[in-house]
Amino acid sequence: MANRRKMRFGIVVFPGSNCDRDVYNSVTRILNQEAVYLWHKDHDLNHCDAVVLPGGFSYGDYLRTGAIARFSPIVQEIIDYAEKGGRVLGICNGFQVLLEIGLLPGAMLRNKSLHFICKFVHVRVENSDTLFTSACRKKEVLKIPIAHNEGNYYIDSEGLKALEGNNQVVFRYASPEGQITEAHNPNGSLNHIAGIVNRRGNVLGLMPHPERASEALLGSEDGKKIFRSMVQAFLD
Amino acid sequence: MIRAKVYVYLKKDILDPQGKAVKHIIGNMGFHRIQDVRVGKYTVLTFDDSVSEEEARQQTNEICRKLLANPVIEEYHFELETLPLGAPAGDG
């Protein structure tokens, strides 16, 4: 039977998170769902149906991006939740945290150019069969901005083979027409990877910011498709 | 007391964009016989007087594995030195 109640998003707030309110706006005002903030010192997830780790600079990016956030009390709850199949979305710094805590494989290196890059990019949906991308067409190209200094995804060759083989690469940097070329890889990321999902399919990390592209006023509505996919998966 | 000097750096086969940029500048400075530059991090841990050398070694390893280095991309090594009892912790 279809779920009648609204989906409840839990948005994690670390000291230094700065996209938490943007996510809140996207899922409440635009998607018409519920959201609560989860403080990094909290010990429970407040009955949410999905956890979002937002972008920002948790703990000032000290040591390595996402490295200190790993030791927050809320993170242990998120690991337990994910291991039980809970939906977890990590955006930018949130993706970096997911890598540091081991919910996703690999690590982030500094951008090849050594520059902080803040601009709209295009990503191609490589796998539209996930609960985060079901509202996208096969190979659809989304226009979503990135804003990061460490988005140069790295994993060893064996790990890369597994990611590709299991269809875990969900987004790849591409041209507006969907071509995968060096010129459209903004940060040097291995195999042009912009976002990956875990083997089970319930944890997604991506560098682009869907919450910054969820209404026409912001220059693109493509990011909304990721939140809408999550809501659809919940309601079904 | 024991002091651990910890070096964390990217694994050999991983491209180091910072090191590459620094090497480029070193070339501009006129030093052309530098074959490679790698940039890493240096951390100093000063243990209190109750910690033995063996404990310091074991704890430093654990701290490196769990926090200071990310084993996916980084390696580390450290040196231990013994300081006189009650030496100021701050000067490294």
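Note that this is a predicted model, so its numbers are computed, not measured. Naming convention: chains lettered A, B, ... in sequence-line order (proteins, then strands); numbering from 1 in each chain.
Annotation for Ile180(A) and Ala174(A): closest pair CD1-CB, 3.8 Å, computed over non-hydrogen atoms. When every heavy atom of Pro210(A) is checked against every heavy atom of Ile226(A), the shortest pair comes out as CB-CD1, 4.0 Å.
With values rounded to the nearest 0.5 angstrom, Ile73(B) atom CD1 is found 5.0 Å from Leu109(A) atom CG. Distance check: Leu98(A) CG to Ile79(A) CD1 gives 9.5 Å after rounding to the nearest 0.5 Å.
Proximity of Leu45(B) to Thr60(B): side-chain heavy atoms (C-beta onward) are separated by under 4.5 Å at one or more points. Two residues are said to be in side-chain contact when any heavy atoms from C-beta on lie closer than 4.5 Å; Ile11(A) and Val36(A) fail this criterion.
Of the listed residues (Val8(B), Leu10(B), Ile14(B), Leu15(B)), the greatest number of heavy-atom pairs within a distance under 4.5 Å of chain A belongs to Ile14(B). Of the residues considered (Pro105(A), Gly106(A), Ala67(A)), Gly106(A) shows the highest number of contacts with chain B, using heavy-atom pairs under 4.5 Å.
Only the side chain of Leu114(A) comes within less than 4.5 Å of a heavy atom of chain B; its backbone N, CA, C and O stay farther away.
Partners of Glu55(B) by salt bridge (charged side-chain N to carboxylate O under 4.0 Å, His left out), not counting sequence neighbours: none found.
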Inter-chain polar pairs, chain B versus chain A: which donor-acceptor atoms lie under 3.5 Å apart?
{"unit_1": "Gln18(B)", "atom_1": "OE1", "unit_2": "Arg110(A)", "atom_2": "NH1", "d": "3.4"}
{"unit_1": "Lys41(B)", "atom_1": "NZ", "unit_2": "Leu63(A)", "atom_2": "O", "d": "2.5"}
{"unit_1": "Lys66(B)", "atom_1": "O", "unit_2": "Arg70(A)", "atom_2": "NH1", "d": "2.5"}
{"unit_1": "Lys66(B)", "atom_1": "O", "unit_2": "Arg70(A)", "atom_2": "NH2", "d": "3.3"}
{"unit_1": "Leu67(B)", "atom_1": "O", "unit_2": "Arg64(A)", "atom_2": "NH1", "d": "2.9"}
{"unit_1": "Leu67(B)", "atom_1": "O", "unit_2": "Arg64(A)", "atom_2": "NH2", "d": "3.0"}
{"unit_1": "Leu68(B)", "atom_1": "O", "unit_2": "Arg64(A)", "atom_2": "NH1", "d": "2.9"}
{"unit_1": "Asn70(B)", "atom_1": "ND2", "unit_2": "Glu100(A)", "atom_2": "OE2", "d": "3.3"}

